[in-house]
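Report on the following structure.
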Amino acid sequence: MEEKIYDVPSEWTHRAYLDDAGYRAKYEASVKDPEAFWAEEAKRIHWFKEPTRIKNTNFGPGDVSIRWFEDGVTNVAYNCVDRHLHTRGDQVAIIWEGDDPSESKKITYRELYAQVNRMANIMRNRGVEKGDRVTIYMPMIPEAAYAMLACARLGAIHSVVFGGFSPDSLASRIQDAKSAFVITADEGLRGGRKVPLKVNVDAAIERVGAGVVDHVLVVRRTGGAVNMVPGRDVYYDEAAGLVSDDCPYEEMNAEDPLFILYTSGSTGTPKGVLHTTGGYLVYAAMTHQYVFDYHDGDIYWCTADVGWVTGHSYILYGPLANGATTLMFEGVPTYPSISRFWEVIDKHNVNIFYTAPTAIRSLMQAGEEPVKKTSRKTLRLLGSVGEPINPEAWEWYHRVVGDSRCPIVDTWWQTETGGILITPLPGATKLKPGSATRPFFGVKPQIVDAEGNVQEGATEGNLVIADSWPGQMRTVYGDHERFVQTYFSTYPGKYFTGDGCRRDADGYYWITGRVDDVINVSGHRMGTAEVESALVAHPKVSEAAVVGYPHDIKGQGIYAYVTLMAGEQPTEELRKELVAWVRKEIGPIASPDLIQFAPGLPKTRSGKIMRRILRKIAEDEFGSLGDTSTLADPAVVDDLITNRQNKR
Ligand code: PRX
């Protein structure tokens with residue numbers, strides 16, 4: 001496909017905060033004198049004590065430490081709620097759209113204040129203090145936002161676990177964070193189906209064992225009957241009736257932790273990515289303002305789940321710090337009809353819409369009619385996040401959803417980065433479908449080769465970031481060494497993103513996908529090692545190797561090669577059983593799309609599985625397997641190719 005360029009629409013050059021010259025000047029300033037730049041930007045939030053020490057960061061080699069605004073004192077909940085009461089107490093903070101289109105509500109900043117305080121008081125009365133970890137396992141209901149902000153108010157560290165994770169996954173996160181307090185709902189509701197959240201919490205706590213979780217706060221969502229353990233479990237509505245809606249906020253140091261969010265990596269169990277207070281909030285707020293060109297009065301909708309970082313930074317913290325109106329959607333894009341997204345946009349007059357390529361690709365399949373029958377005239381800007389967006393999906397999003405009128409901001413970032421790092425600004429950046437374009441302020445991307453040599457000009461290689469930005473993660477919770485090893489040892493002195501990237505002659509960045517053993521399934525990050533260890537935990541499985549393969553809708557699918565125990569037969573029934581097993585062990589997002597039973601896996605003579613070969617076979621690239629002569633048994637490759645699973 002020939003490379004297309006979309007100019008900034010003329011109305012945007014008047015309306016936007018910045019045009020191209022404005023972007024360039026501000027970017028130059030941000031990298032030339034980060035101290036001065038961020039000292040000024042820090043003023044966008046309220047500090048009880050303003051920071052005087054702005055940047056104190058060290059990427060190694062050796063010690064890695066990242067501190068921003070380190071002598072500043074603030075509180076995130078104060079900034080997202082209290083601060084707005086005088087100026088916009090009656091403005092809607094959260095528009096909640098339920099799974100069922102007949103259910104929605106609007107929560108003003110004043111109501112948000114009361115709700116957050118009540119939630120905080122309930123927690124405080126049960127002993128939650130600054131620094132304690134609170135696990136939140138919730139559906140997309142306003143109480144999820146209240147819970148997160150209540151933690152921030154008290155200085156407790158929240159760990160939100162996506163409601164689609166299994167009891168086992170929840171248990172390991174509760175355990176790692178040593179979280180004594182859990183907030184959940186009786187059941188979730190998605191696409192008309194119930195999700196047994198409280199049942200999962202009970203199972204998780206059982207797995208964690210006695211003496212860890214003391215309190216479970218249960219929000220009634222469906223009213224379904226659940227088991228309540230006396231002395232441990234309490235219903236939110238009952239507890240809320242007994243407390244006041246005033247709760248003092250904790251004064252937090254800029255570097256006090258705000259939240260932990262578990263994410264998958266190449267190896268081992270998911271890591272607790274730790275974000276802190278001041279830098280995170282400044283960065284989330286600033287990116288939300290500029291990337292989405294957010295102005296007072298705009299209605300903004302990010303379709304992510306609060307269980308992922310996108311939900312943290314761009315449903316909650318960024319928008320609320322800016323006093324925005326943010327829409328929170330409980331349901332799915334296809335329920336009750338395939339037009340649901342567009343109907344919600346019309347119902348609430350949404351101006352800015354931020355979603356994932358996988359949603360676009362799946363909705364694209366139903367054609368234009370379900371979109372075109374809605375108005376969408378309030379839409380001004382579209383956004384994309386979570387995985388590379390292929391140019392075909394980009395064009396469709398632009399032409400059909402945005403009526404060729406709305407720019408698309410393709411935002412590249414990660415759980416670790418806290419906020420968007422590479423992105424267009426709608427009034428400033430010419431767009432190329434499939435490119436995340438240029439770095440945000442203060443971000444210094446570099447492309448390096450395998451040896452770490454920095455490549456200049458138009459090039460391709462691995463993406464690293466050469467210096468710190470305020471929203472960056474600070475450590476892996478409880479394991480600083482793992483933080484240093486994972487992100488700063490491949491290319492000493494630089495933050496390694498794990499992504500491959502191309503830079504074109506215009507200096508535009510094109511993310512090509514992960515270069516490590518992480519796969520991106522429908523925008524959800526999955527470690528191949530996690531799926532493998534779930535598979536080998538099955539009594540009939542002797543060995544498993546998991547790779548990604550290109551999938552039309554999901555971006556990448558999960559391809560599992562499985563060797564069975566001696567004497568076990570590879571049957572269709574067992575295949576289904578293994579898929580169900582992985583769903584149970586990790587959660588539905590980890591379900592293998594294809595399982596190939598393999599009598600042997602390609603291994604080197606020292607016993608290492610050659611994933612490169614497995615990846616090529618999964619991609620149907622039989623001609624480019626590379627050198628197989630070093631394999632202990634080269635014949636296994638022929639067998640794997642012969643039995644290559646047909647793509648569904
Ligand atoms: O590979 C990149 C991909 O998603 C990874 C980060 O996943 P996660 O931490 O779950 O955060 C997702 C939401 C920020 C990245 O390493 N990714 C994310 N956004 C893009 C992307 N790949 C290409 N283009 C993007 N816009």
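As the structure is a prediction and not an experimental result, all values here were calculated from the model. Both counts, for ligands and for their atoms, begin at 1 and track the order of listing. In this chain, numbering begins with 1 at the start of the sequence shown.
Between Tyr280 and Phe259, the gap from one ring centroid to the other is short of 6.0 Å. Aromatic pair Tyr290/Phe441: ring centres closer than 6.0 Å. Ring centers of Trp308 and Phe162: under 6.0 Å apart, within the cut-off.
The ligand atoms of ligand 1 that sit less than 4.0 angstrom from a heavy atom of Thr411 are 19 (N), 20 (C), 25 (C), 26 (N). Close approach of ligand 1 to Asn520 is summarised as follows: ligand atoms under 4.0 Å from at least one heavy atom of the residue are 3 (C), 4 (O). Ligand 1 places these atoms under 4.0 Å from at least one heavy atom of Trp413: 6 (C), 14 (C), 15 (C), 18 (C), 19 (N). Listed by atom number, the atoms of ligand 1 under 4.0 Å from Thr415 heavy atoms are 8 (P), 9 (O), 10 (O), 11 (O). Within ligand 1, the atoms closer than 4.0 Å to a non-hydrogen atom of Ile511 are 22 (N), 23 (C), numbered from 1 in the order shown.
With a heavy-atom cut-off of 4.0 Å, Ile389 does not touch ligand 1 at all. In Glu387, the part holding a heavy atom less than 4.0 Å from any atom of ligand 1 is the backbone.
Using cut-offs of 30° and 60° on the angle between ring planes, the pair Phe341 and Phe353 is perpendicular. Using cut-offs of 30° and 60° on the angle between ring planes, the pair Tyr23 and Tyr27 is parallel. Classified by interplanar angle (parallel below 30°, tilted 30° to 60°, perpendicular above 60°), the ring pair His158/Tyr317 is parallel.
Taking distance alone, with nitrogen or oxygen atoms compared against 3.5 Å, Val385 stays at or beyond that limit from ligand 1. Residue-to-ligand polar distances keep Thr263 apart from ligand 1: every N/O pair is separated by 3.5 Å or more. Below 3.5 Å of separation, one finds no N or O of Ser384 facing any N or O of ligand 1. Between Thr497 and ligand 1, no pair of N/O atoms sits closer than 3.5 Å. Here's the thing with Asp499: one of its N/O atoms is less than 3.5 angstrom from an N/O atom of ligand 1.
Heavy atoms of Ala436 stay at 4.0 angstrom or farther from ligand 1.
Within the cation-pi definition used here (under 6.0 Å to the ring centroid, within 45° of the axis), Arg173 qualifies as a partner of Phe165.
At the shortest separation from atom 23 (C) of ligand 1 among protein heavy atoms lies Pro388 N, 3.1 Å. Considering only non-hydrogen protein atoms, atom 7 (O) of ligand 1 sits nearest to Arg525 CD, 3.4 Å. Considering only non-hydrogen protein atoms, atom 13 (C) of ligand 1 sits nearest to Thr310 OG1, 3.4 Å.
For Lys26, the NZ atom sits in a packed shell: over 12 heavy atoms of surrounding residues, nucleotides or ligands are nearer than 6.0 Å.
Of the candidates Gly523, Ser435, Gly386, Gly386 brings a heavy atom nearest to atom 4 (O) of ligand 1.
Electrostatic pairing of Lys432 and Asp504 counts as a salt bridge here, judged by a charged N lying under 4.0 Å from a carboxylate O. A salt bridge links Lys554 with Asp593: the distance from a Lys NZ or Arg NE/NH1/NH2 to an Asp or Glu carboxylate oxygen falls below 4.0 Å.
Note that the CG atom of Leu261 and the CD1 atom of Ile157 stand 13.5 Å from one another [nearest 0.5 Å].
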